[in-house]
Chemist: 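I have a structure I would like to understand better, so I am pasting it below and will then ask my questions one at a time.
Chain A is the first sequence line, chain B the second, and so forth, proteins listed ahead of strands; every chain is numbered from 1.
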There are 2 protein chains.
Amino acid sequence: MDARTRLLDAAKQLVWDRGVEATSPNMVLARSGVGQGSLYHHFGSKAAWAEAAITALAADLTAETDELFSAHPTGVEQLRAYLTRPRPALDGCRLGRLAFDPEIRADDALRAPISAYFEHLRALLRPAVHATGVDDTDGVVEAICAVVQGGYVTSRLSDDPDALDRACRGLLTLLGIPPH
Amino acid sequence: MDARTRLLDAAKQLVWDRGVEATSPNMVLARSGVGQGSLYHHFGSKAAWAEAAITALAADLTAETDELFSAHPTGVEQLRAYLTRPRPALDGCRLGRLAFDPEIRADDALRAPISAYFEHLRALLRPAVHATGVDDTDGVVEAICAVVQGGYVTSRLSDDPDALDRACRGLLTLLGIPPH
DNA sequence: GTCTATAAGTGGATAGAC
DNA sequence: GTCTATCCACTTATAGAC
């Protein structure tokens, strides 16, 4: 595997695990096993490899989400699949966990791929929610996005991997969608 | 105002704004206007002032939440009040925004006051949710906590202060609780 | 392209005067 | 109690050999 790929893989893992602010160039070097100079040859600055890592993480998650939605024909099945999908509750969402990272706030180029992912997710959820006939489609779409992101937060803060599952199950109950 | 109070106030603001990892002793000094030595006189280490700041933020939020619940007599009114309360969507939850801070994960003493707040919140929500007669009380309680926390996340990532309100409104709709 | 060496600044903490 | 001065490690980045 070439140095650039090893650097990008290391950066993706570290950004997911620690965020951008708390990840140093030395950590990326140590995890990838390449030298100082190579990092600055392939990426001109910290912002450059951070942006590449976030863009790659967003592409991965978008592909997985698209696959999940296209694997189910009806809105109800899509919502059930989205809210029962196994998730790494204690690790956090690859993108959502960056919401309060100071370096994300300071650089719109780092936030843009994340913002685009959530806009894409809303567009997938909207017809599925609309098909259930519920009132306030936009509110329910946002509640679905939020319950997943918030479930990661409460799981992590309570050190309880089940909190996220419980929250998703509770929302499915309110939506009137029975477990499979 | 004495130096200790000025230091603690500065630390509270910075921890809310930037988290623990991204807040340096120098920032606390600059915001409080006291000297280097005073910080280390009143607090022996970064962990010490960070813990004091988090404990104080948790006490503030707990008091506000208790006040909100005790101001409303019925479960339905408590849930409506909790989910329509004005919130600083783009600033984030004082406690929830710390979920993925690496220094919180590394130190249980920093996480404990946050964990205790959420356990207290669940205890306030449980009888209110139970009174609505909904199935799966624990799931719905967790969903309510999660929608608020996740609403902060999606608001911040989309730079849209309305996303949190929309998510809360959608959840109220699903709960069958009409706006006041 | 990849490496080692190094620079300038900051982070967390201590020393010791007043 | 509060202050200034200082320390060592680390962060981000550059220089320049191979």
Chemist: Do A:Leu83 and A:Val148 have side-chain heavy atoms sitting under 4.5 Å apart?
Modeler: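 When only atoms from C-beta onward are counted, A:Val148 and A:Leu83 do touch, with a gap below 4.5 Å.
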Chemist: Under 6.0 Å from the six-membered ring centre of B:Tyr82 and within 45° of its axis: does the NZ or CZ of B:Arg87 meet both?
Modeler: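 Ring-cation test returns yes.
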Chemist: Categorize B:Asp2 for me: base, sugar-phosphate, or nothing, with a 4.0 angstrom heavy-atom threshold over every strand shown.
Modeler: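 It contacts nothing in the nucleic acid.
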Chemist: Does the pair B:Arg80/B:Glu77 count as a salt bridge with the N-to-O cut at 4.0 Å?
Modeler: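 Salt bridge: no.
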Chemist: Under the criterion side-chain contact (heavy atoms from CB on, under 4.5 Å), I'd like the reasoning laid out for B:Ser38 against B:Arg4: C-alpha separation, chi angles, the key distance, then a yes or no.
Modeler: CA-CA 8 Å; B:Ser38 290; B:Arg4 194 195 149 88; over 6 Å; no
Chemist: With the threshold set at 4.0 Å, does a side-chain nitrogen-carboxylate oxygen contact exist between B:Asp138 and A:Arg166?
Modeler: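 No.
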Chemist: Would you mind reporting whether A:Arg18 and B:Glu21 have side-chain heavy atoms less than 4.5 Å apart?
Modeler: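 Yes, side chains in contact.
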Chemist: First and last nucleotide of DNA chain C touching chain A, 5' to 3', heavy-atom cut-off 4.0 Å?
Modeler: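 For DNA chain C, the relevant span reads C:dG1 to C:dA5.
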Chemist: Is it the case that B:Glu142 and A:Thr154 place a side-chain donor and acceptor less than 3.5 Å from each other?
Modeler: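 A donor-acceptor contact under 3.5 Å links the two side chains.
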Chemist: For D:dT11 and A:Asn26 - does any side-chain N or O of the residue sit under 4.0 Å from the phosphate oxygens OP1/OP2?
Modeler: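 So the side-chain polar atoms of A:Asn26 do come within 4.0 Å of the phosphate oxygens OP1 or OP2 of D:dT11, strictly under.
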Chemist: Identify, residue by residue, the members of residues 5-13 of chain B with a heavy atom below 4.0 Å from DNA chain C, and return them in order of residue number, or none.
Modeler: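 Result for residues 5-13 of chain B: none.
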Chemist: Heavy atom of residues 27-39 of chain B under 4.0 Å from DNA chain C: which residues?
Modeler: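 The answer is B:Gln36.
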Chemist: Does a side-chain N-to-carboxylate-O contact under 4.0 Å join B:Arg111 and B:Asp108?
Modeler: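 Here B:Arg111 pairs with B:Asp108 in a salt bridge, since their nearest N and O are under 4.0 Å apart.
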Chemist: Roughly how many Å is it from NZ in A:Lys46 to P in D:dT11, rounded to a whole number?
Modeler: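 Value for this atom pair: 9 Å.
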Chemist: Contact between B:Arg105 and B:Leu110 at the side-chain level, heavy atoms closer than 4.5 Å - yes or no?
Modeler: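 In short, these two side chains do not touch, never coming nearer than 4.5 Å.
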Chemist: Specify the separation, in whole Å, of atom NE2 of A:His41 and atom P of D:dA13.
Modeler: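 Taking NE2 of A:His41 and P of D:dA13, I get 17 Å after rounding.
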Chemist: Using every non-hydrogen atom in the two residues, find where A:Phe100 and B:Asp91 come nearest and quote the distance to one decimal.
Modeler: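 Of all heavy-atom pairs spanning A:Phe100 and B:Asp91, the closest is CE2-O, 3.9 Å.
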